A.B. asks: 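Shown below is the structure under consideration.
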Amino acid sequence: QVQLVESGGGLVQPGGSLRLSCAASRDIFWINRMTWYRQAPGKEREFIATISTWGGTDYADSVKGRFIISRDNAKNTVYLQMNSLKAEDTAVYYCHGGAYWGQGTQVTVSS
């Protein structure tokens, strides 16, 4: 079993920044892709960003240019740097890799 635990969420003002972390209980280098999703109240879970073992990344149009995903296999951790946050970014953010999901971390963007 691999456990994924997200952290770093919180309350920020519009235009602010947060860095989310997804820490795995075991090595994740064998997981080809690590991905961030989010789910806002009343909405379906949506894809945010993904990163491959070789460093290739892809982003949803809604966050492109504002969010940066990175991966540190030695630390068994994937990150999501979120900049220029908007109210629309308010959601629970989930980390996914292989067959595993984290429990989520709440991000609230509000004045």
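Sequence positions, counted from 1, serve as the residue numbers for this chain. Note that the structure is predicted; figures quoted are calculated from it, not measured.
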A.B. asks: Any chain of hydrophobic side-chain contacts (each under 4.5 Å) joining Ile68 to Phe47?
C.D. replies: no
A.B. asks: Please tell me if the side chains of Gln106 and Thr90 come closer than 4.5 Å, counting only heavy atoms from C-beta onward.
C.D. replies: yes
A.B. asks: Do the side chains of Val109 and Val63 join up, straight or via other hydrophobic residues, at under 4.5 Å, putting them in one cluster?
C.D. replies: yes
A.B. asks: Please determine whether side chain to side chain contact (heavy atoms under 4.5 Å, CB included) holds for the pair Tyr94 and Leu4, giving the CA-CA distance in whole Å, both sets of side-chain angles, and the decisive distance to 0.1 Å.
C.D. replies: CA-CA 9 Å; Tyr94 297 92; Leu4 302 177; over 6 Å; no
A.B. asks: Determine, stepwise, if the pair Thr53 / Asn73 fulfils side chain to side chain contact (heavy atoms under 4.5 Å, CB included).
C.D. replies: CA-CA 8 Å; Thr53 301; Asn73 291 328; 4.2 Å; yes
A.B. asks: Under the salt bridge (charged side-chain N to carboxylate O under 4.0 Å, His left out) rule, what pairs show up with a residue in residues 69-79, not counting sequence neighbours?
C.D. replies: none
A.B. asks: Nearest 0.5 Å, what's the OG-CD distance between Ser17 and Gln81?
C.D. replies: 5.5 Å
A.B. asks: Is there a continuous path of hydrophobic side-chain contacts, each under 4.5 Å between heavy atoms, that joins Tyr59 to Val78?
C.D. replies: yes
A.B. asks: For Glu46, I'd like to know if atom CD has over 12 heavy atoms of other residues, nucleotides or ligands within 6.0 Å.
C.D. replies: yes
A.B. asks: Quick one: which of Leu20, Val5, Leu80 gives a side chain to side chain contact (heavy atoms under 4.5 Å, CB included) with Thr105?
C.D. replies: Leu20
A.B. asks: Over 60° means perpendicular and under 30° means parallel, so tell me whether Tyr37 and His96 are parallel, tilted or perpendicular.
C.D. replies: perpendicular
A.B. asks: Does Arg33 use its side chain to pair, donor to acceptor, with the backbone of Ile51 at less than 3.5 Å?
C.D. replies: no
A.B. asks: Working to the nearest 0.5 angstrom, can you tell me the gap between Trp36 CH2 and Glu6 CD?
C.D. replies: 5.5 Å
A.B. asks: Donor-acceptor check, side chain of Thr35 to backbone of Thr50, threshold 3.5 angstrom: yes or no?
C.D. replies: no
A.B. asks: Run Arg38 and Asp89 through side chain to side chain contact (heavy atoms under 4.5 Å, CB included) and show every step you take.
C.D. replies: CA-CA 9 Å; Arg38 70 186 182 191; Asp89 296 319; 2.9 Å; yes
A.B. asks: Just verifying a value: how many Å separate Arg26 CZ and Tyr100 OH, rounded to the nearest 0.5 Å?
C.D. replies: 8.0 Å
A.B. asks: On the 0 to 90° scale, with breaks at 30° and 60°, tag the Tyr93-Phe67 ring pair as parallel, tilted or perpendicular.
C.D. replies: tilted
A.B. asks: Report whether Leu85 and Ile69 are members of the same hydrophobic cluster (ILVMFWY, side-chain heavy atoms less than 4.5 Å apart, transitive linking).
C.D. replies: yes
A.B. asks: Would you say that Met34 contacts Cys95 through its side chain, given a criterion of any heavy-atom pair below 4.5 Å between the two side chains?
C.D. replies: yes
